[in-house]
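These notes concern the structure reproduced below.
Starting from 1, each residue takes its place in the sequence as its number.
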Amino acid sequence: MHDNKAFLYFICAVSAMGGLLFGYDWVVIGGAKPFYELFFGISDNPLLQGVAMSTALVGCLVGAMVAGAAADKYGRKPLLTTSAVLFTVSAIATGLFDDFTLFNIARFIGGMGIGVASALAPMYIAEVSPTEIRGRMVSLNQMTIVLGILSAQIVNMLLARNTSIATEQAWNVEWGWRWMFWAETLPAALFLVLSFFIPESPVFTQLRSKRLEVRGKRLPETADDPQNISFTSHLSLLTSKKYRKVLVLGLIIAVFQQWCGTNVIFNYAQEIFTGAGYDVDGMFIDIVITGIANVLFTFVALYTIEKWGRRTLMLIGASGLGIIYLTLGTCYALGMTGVLMVGLVVAAISVYAMTLGPVTWTLLAEIFPNRIRGIAMATCTFALWVGCCTLTFSFPSMNAALGSSGSFWIYSAICACAFIFLFRHCPETKGKSLEELERELVK
């Protein structure tokens with residue numbers, strides 16, 4: 001039993017390495033941004049700046065959508081290995097290219113890795129974990145995501161301050177941003193190697209055995225077997241009346257995790273902290289502080305998710321962020337700066353880290369029936385990244401038009417609306433097997 005438990009932790013940790021690379025690859029560009037923009041000569045071109053920041057997000061959308069049908073057809077394990085390959089190639093190529101177009105192609109490849117890993121890792125962990133610790137194990141994926149985020153923030157800070165003040169700008173413009181991306185190569189290669197030592201998900205193995213049994217007996221293949229239908233039929237099954245209610249629930253939960261606004265802090269930390277009165281050096285320090293808070297309160301989530309339950313934590317997250325953003329917007333409106341503003345930002349990150357961050361992935365991995373989990377998880381992950389794209393694209397324009405105060409007031413209103421929806425529709429999945437949840441949620 002002890003050996004089985006150790007092996008379970010091993011395979012979950014390996015799968016969760018996709019989350020580590022997801023977090024690193026997603027955030028590293030924020031620290032590299034001031035330097036590669038000068039290198040490529042786009043520091044005065046908002047359109048190309050937006051292209052560089054969003055190319056990986058487009059890759060996320062493609063990777064997430066492809067992952068669903070592929071995972072149901074070929075299995076979870078091959079897709080995790082594929083994501084490791086994509087991360088490794090992107091990490092090397094992004095820092096290698098001097099051409100802006102090739103740079104963006106490399107970022108797109110990394111984005112595909114994020115999309116595949118974000119859909120597959122929590123699903124795989126949920127399928128291999130016992131009911132009584134499933135929430136904690138899926139939250140392990142979120143823990144590795146925030147560790148990846150913190151790693152990127154620390155690497156960015158150390159490399160940006162690597163040389164003397166007289167030469168650091170020139171070094172960072174030529175080499176610093178490259179090493180920020182290259183630092184991802186080691187964990188990406190390790191993930192690739194270790195992915196060959198984990199087993200296939202038992203849920204997929206069962207589905208595959210069922211298919212082989214049906215073929216061996218020459219019986220009609222069922223429409224519910226996801227390995228025997230086309231991608232279009234996958235979507236038709238997913239959107240059928242039987243599954244429509246749980247699909248809508250998953251889509252709203254996924255999009256809200258992004259539209260709650262917290263990830264703006266990671267993507268536009270420079271604008272947020274300089275708007276709060278900090279210079280560039282102070283900005284990097286503040287970013288690392290938020291990263292540390294992110295990690296610490298994700299540890300809190302590992303404890304509370306099995307104690308308090310998923311529904312309770314989602315409601316705490318929506319209400320807590322709504323109040324913090326209302327306060328933060330008011331402080332911006334009053335022209336306040338300094339430590340108080342950093343404290344409010346850290347509070348927002350902390351609430352998110354122990355609630356919406358990990359619980360969203362846990363719920364998405366739990367609420368769907370086995371026969372549609374792959375395509376459903378991919379569809380919701382696709383919606384999550386659409387939410388991330390729209391959030392990323394809208395913030396600069398919204399911030400310019402409404403100011404930081406107006407932007408955070410809007411995020412506060414979104415959180416209030418989400419609280420009402422979650423209070424009425426979010427189920428409690430704690431302590432229930434995947435089969436029990438299917439009977440409750442799909443009728």
Side-chain angles (χ1 to χ4, degrees), residues 12-33 53 56-57 59-60 63-64 80 83-84 86-88 90-91 94 107 109-122 124-125 138-159 180-192 194 254 257-258 260 262-269 287-299 301-302 349-350 352-362 364-365 381 384-385 387-388 391-392:
C12 288
V14 171
S15 177
M17 287 188 70
L20 178 78
L21 295 162
F22 161 11
Y24 188 98
D25 200 272
W26 179 41
V27 170
V28 67
I29 195 167
K33 180 176 181 287
M53 285 293 289
L57 295 178
C60 289
L80 289 171
S83 71
L86 293 171
F87 280 126
T88 304
S90 174
T94 305
R107 288 296 297 157
I109 292 171
M112 288 185 64
I114 295 175
V116 173
S118 59
L120 266 294
Y124 177 88
I125 294 171
V138 176
S139 295
L140 177 66
N141 183 65
Q142 180 66 19
M143 171 58 71
T144 59
I145 291 174
V146 300
L147 286 173
I149 291 172
L150 179 60
S151 298
Q153 292 166 335
I154 292 174
V155 167
N156 287 345
M157 181 183 71
L158 293 177
L159 286 171
M180 291 175 185
F181 292 110
W182 284 339
E184 185 184 356
T185 305
L186 182 59
L190 180 62
F191 179 37
L192 176 59
L194 292 178
Q257 194 213 45
Q258 295 299 310
C260 74
T262 305
N263 287 328
V264 162
I265 297 171
F266 292 117
N267 290 323
Y268 292 99
I287 290 174
V288 172
I289 291 173
T290 63
I292 293 172
N294 202 12
V295 171
L296 291 177
F297 280 86
T298 301
F299 273 112
L302 293 177
I349 293 292
S350 301
Y352 177 85
M354 68 173 287
T355 57
L356 303 181
V359 180
T360 292
W361 294 110
T362 302
L364 293 180
T381 305
L384 184 147
W385 288 114
C388 186
L391 181 83
T392 303

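Side-chain contact between F299 and L302 is present, with heavy atoms from C-beta onward closer than 4.5 Å. Looking at heavy atoms from C-beta onward, N156 lies in side-chain contact with V28 at the 4.5 angstrom threshold. Contact check for F191 versus L20: no side-chain heavy atoms found under the 4.5 Å cut-off. Residues T381 and W361 meet the side-chain proximity criterion, which asks for heavy atoms closer than 4.5 Å. Taking the side chain as every heavy atom from C-beta outward, L192 and F87 never approach each other to under 4.5 Å. In this structure, the side chains of W26 and C388 come closer than 4.5 Å at one or more pairs of heavy atoms. Here the side chains of C260 and Y352 are in contact, with some heavy-atom distance below 4.5 Å. The closest side-chain heavy-atom distance from E184 to T88 is not below 4.5 Å.
Side-chain atoms of T360 come within 3.5 Å of backbone atoms of L356 as a donor-acceptor pair (strictly under, hydrogens ignored). Judged by distance alone, with hydrogens and angles left aside, the side-chain atoms of D25 form no donor-acceptor pair with the main-chain N or O of G111 at under 3.5 Å. In this structure, the side chain of T185 engages the main chain of W182 through a donor-acceptor pair within 3.5 Å. S83 places a side-chain N or O within donor-acceptor distance of the main-chain N or O of L80, the cut-off being under 3.5 Å. A donor-acceptor contact shorter than 3.5 Å links the side chain of T144 to the backbone of A16. Not a single donor-acceptor pair under 3.5 Å links the side chain of Q142 to the backbone N or O of T298.
Rounding to the nearest 0.5 angstrom, the gap separating the CG atom in L86 from the CG atom in L21 is 11.0 Å. A distance of 13.0 Å separates CE in M180 from NZ in K33, rounded to the nearest 0.5 Å. The CE atom of M354 sits 12.5 Å away from atom CG of L296, with the distance rounded to the nearest 0.5 Å. In this structure, the separation between CD1 on I145 and CZ on F22 is 4.5 Å, given to the nearest 0.5 Å. To the nearest 0.5 Å, atoms CG (N294) and CG (L147) are separated by 9.0 Å. Here the CD1 atom belonging to I109 is positioned 12.5 Å from the CD1 atom belonging to I114, to the nearest 0.5 angstrom.
Exactly one residue among S15, P358, P122, C12 makes a side-chain contact (heavy atoms from CB on, under 4.5 Å) with N141. That residue is P122.
A pairwise comparison of heavy atoms in G63 and V116 identifies O-CG2, 3.5 Å as the closest pair. Taking every heavy atom of both residues into account, S139 and T362 meet most closely at OG-OG1, 3.7 Å. Of all heavy-atom pairs between G291 and L150, the closest is C-CD1, 3.6 Å.
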Would you please test S118 and W385 for side chain to side chain donor-acceptor pair (under 3.5 Å) and show each step? CA-CA 10 Å; S118 59; W385 288 114; 3.1 Å; yes

